[in-house]
Student: 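Take this structure first; my questions come after.
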Amino acid sequence: MPELPEVQTIVDQLNQQAIVGRTITAARVYWPKTIASPDPEQFCETITGLTARKLTRRGKFIVCQLSKGQTLLIHLRMSGRLNWTAKGNARNKHEHVILEIDQTHELRFQDTRKFGRLFLTQAPQTILGRLGPEPLDKTFTGRRFLSMLQRTRRQIKPLLLDQHFLAGLGNIYVDEALWAARIHPLRTSNTLTAAEAFALHRSIRQVLRKGIMNMGTSLGNGQGNFYSANNRPGKNADQLKVFRRTGRPCLRCGTTIVRRMVAQRSSHICTKCQQPPCDGKTPKKRTTA
DNA sequence: AGTCTGACCTGACTGC
DNA sequence: TGCAGTCAGGTCAGAC
């Protein structure tokens, strides 16, 4: 669930906790599969005693540069959270990794669905290097995006979800960006006009910036919902124009928003604002939620 | 080259 | 009230 704005929110808050300069004084792993590499025992042994040098984000990864050339990469996947807490508070059953900080605090990796992964590595580029450009980076220009779109003939929605193509977008912000740019999720990437590509480029950056400003999107109250490191939900849900608005009127034209499956992902579309491609293909119908 | 499926997991929700 | 079935914001490997 956490996409770029949610991950950025967590990174910003952990930086406010002044995590940089602090030392990991112990590590415990309760669900071994959470540690992608090295093996959990080696992970605990290596990370203990290391000091945080810098905390940043790349795509949906939280990147924590540590002393001795080590880097901790955290991917939250669907339901991962980081809890910052005083040492010694009772562990909840979904907290799978605990890093003790300066013997006084704990950074806990909580993950209900257990899809999230932690990597401790001296070569983070072997993982991060496979990611596409950062959508909010200065070098990600409209022209560059246009040329990226022209190099392939994939459906635009799964393409935008592909982290190797562009890093950081997930289902929510892709639906929002496509709606804002009036582009149907089934359009083939290389059929977008330059004007459409520029509009989509603009809308991607806008929805992400707004998501960050609102400190992420939280939907409902479930276990998998987004909560920041301070245990606060994001405020972006009210700002969503199309995602999970099935059956309600489009905020631009009043047409009823529909939900369709596109590349096995639920997609929310205004069929008037977002004209389907003219190749005769009809999207698979799906019951509305 | 692009698309699709299943796997990884638990909890929330729906319908009977 | 309880149970079974379905679905969910992500990513990857492997088959076609």
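Reminder, nothing fancy here: chain letters follow the sequence lines and each chain counts from 1.
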Student: Mind checking if A/Arg154 touches a base, just sugar-phosphate, or nothing, with heavy atoms under 4.0 Å?
Tutor: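 Result for A/Arg154 = sugar-phosphate.
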Student: Output the rounded distance in Å from NE2 (A/His96) to C1' (B/dC8).
Tutor: 13 Å
Student: Taking the cut-offs as 6.0 angstrom to the six-membered ring centre and 45 degrees off its axis, would you call A/Arg245 and A/Trp179 a cation-pi pair?
Tutor: no
Student: Between C1' on C/dC12 and CG on A/Asp162, what's the gap in Å once rounded to a whole number?
Tutor: 11 Å
Student: For A/Glu6, is there an ion pair with A/Lys60 - N to carboxylate O distance below 4.0 angstrom?
Tutor: no
Student: When you measure from every atom of DNA chain B, which of residues 117-132 of chain A have a heavy atom less than 4.0 Å away?
Tutor: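 By residue number: none to list.
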Student: Could you report the tightest heavy-atom contact between A/Thr188 and A/Thr191, atom names first, then the distance?
Tutor: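 Smallest heavy-atom distance, with atoms named: O-OG1, 2.7 Å.
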Student: Measure CZ/A/Phe115 against C1'/B/dC8 and give the value in whole Å, please.
Tutor: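 Going from A/Phe115 (CZ) to B/dC8 (C1'), I get 5 Å.
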Student: Is A/Arg232 close enough and on-axis enough to A/Tyr227, meaning under 6.0 Å and within 45°, for cation-pi?
Tutor: no
Student: Side-chain N or O of A/Lys93 less than 4.0 angstrom from OP1 or OP2 on B/dT10?
Tutor: no
Student: Are A/Glu134 and A/Arg58 within salt-bridge range, i.e. N to O under 4.0 Å?
Tutor: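 Answer for the salt bridge query: yes.
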Student: Atom CG of A/Asn171 to atom P of C/dT11: distance rounded to whole Å?
Tutor: 11 Å
Student: Distance check needed: B/dT10 C1' versus A/Arg113 CZ, whole Å only.
Tutor: 7 Å
Student: Is the ring pair A/Phe145/A/Phe140 parallel, tilted or perpendicular, if the boundaries are 30 and 60 degrees?
Tutor: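 Geometry flag for A/Phe140 against A/Phe145: perpendicular rings.
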Student: Side chains of A/Thr71 and A/Gln65: is there a donor and an acceptor less than 3.5 Å apart?
Tutor: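 Absent: no donor and acceptor within the cut-off.
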Student: Would you mind telling me which of C/dT11, C/dA8, B/dC9 lies closest to the side-chain atoms of A/Arg259?
Tutor: C/dA8
Student: How far, in whole Å, is B/dT14 from C/dG9 if one measures between their P atoms?
Tutor: 16 Å
Student: Considering every strand and a 4.0 Å limit on heavy-atom distances, what is the contact class for A/Glu6: base, sugar-phosphate, or nothing?
Tutor: nothing
Student: Set out, in order, the CA-CA distance, both residues' side-chain angles and the distance that settles salt bridge (charged side-chain N to carboxylate O under 4.0 Å, His left out) for A/Asp175 and A/Lys157, then state yes or no.
Tutor: CA-CA 8 Å; A/Asp175 276 9; A/Lys157 165 124 188 191; 2.6 Å; yes
Student: Please determine, for the side chain of A/Asn225, which listed nucleotide (B/dC9, C/dG9, B/dC4) has the closest atom?
Tutor: C/dG9
Student: Roughly how many Å apart are C/dA13 and B/dT10, using the P atom of each and rounding to a whole number?
Tutor: 22 Å
Student: Nearest whole angstrom, please: distance from the C1' of B/dT10 to the CH2 of A/Trp31.
Tutor: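 One finds 10 Å between C1' of B/dT10 and CH2 of A/Trp31, rounded.
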Student: Using a heavy-atom cut-off of 4.0 Å across all strands, would you classify A/Ser79 as base, sugar-phosphate, or nothing?
Tutor: nothing
Student: Does anything in residues 73-82 of chain A form a side-chain hydrogen bond (donor to acceptor under 3.5 Å, both in side chains)? List the pairs, not counting sequence neighbours.
Tutor: A/Ser79-A/Asp111, A/Arg81-A/Asn231
Student: Nearest-Å distance, CD (A/Gln155) to C1' (B/dG2)?
Tutor: 9 Å
Student: Can you give the dot-bracket line for DNA chain B, using ( ) for pairs inside the strand, [ ] for pairs that cross earlier ones, | for pairs with another strand and . for unpaired bases, where Watson-Crick and G-U count if both distances are under 3.5 Å?
Tutor: .|||||||.|||||||
Student: What nucleotide among B/dG2, C/dT11, C/dA8 has an atom nearest to a side-chain atom of A/Thr152?
Tutor: B/dG2
Student: Would you mind reading off the distance between A/Arg244 atom CZ and B/dC13 atom P, rounded to a whole angstrom?
Tutor: 10 Å
Student: Pick base, sugar-phosphate or nothing for A/His164, based on heavy-atom distances below 4.0 Å to the nucleic acid.
Tutor: sugar-phosphate
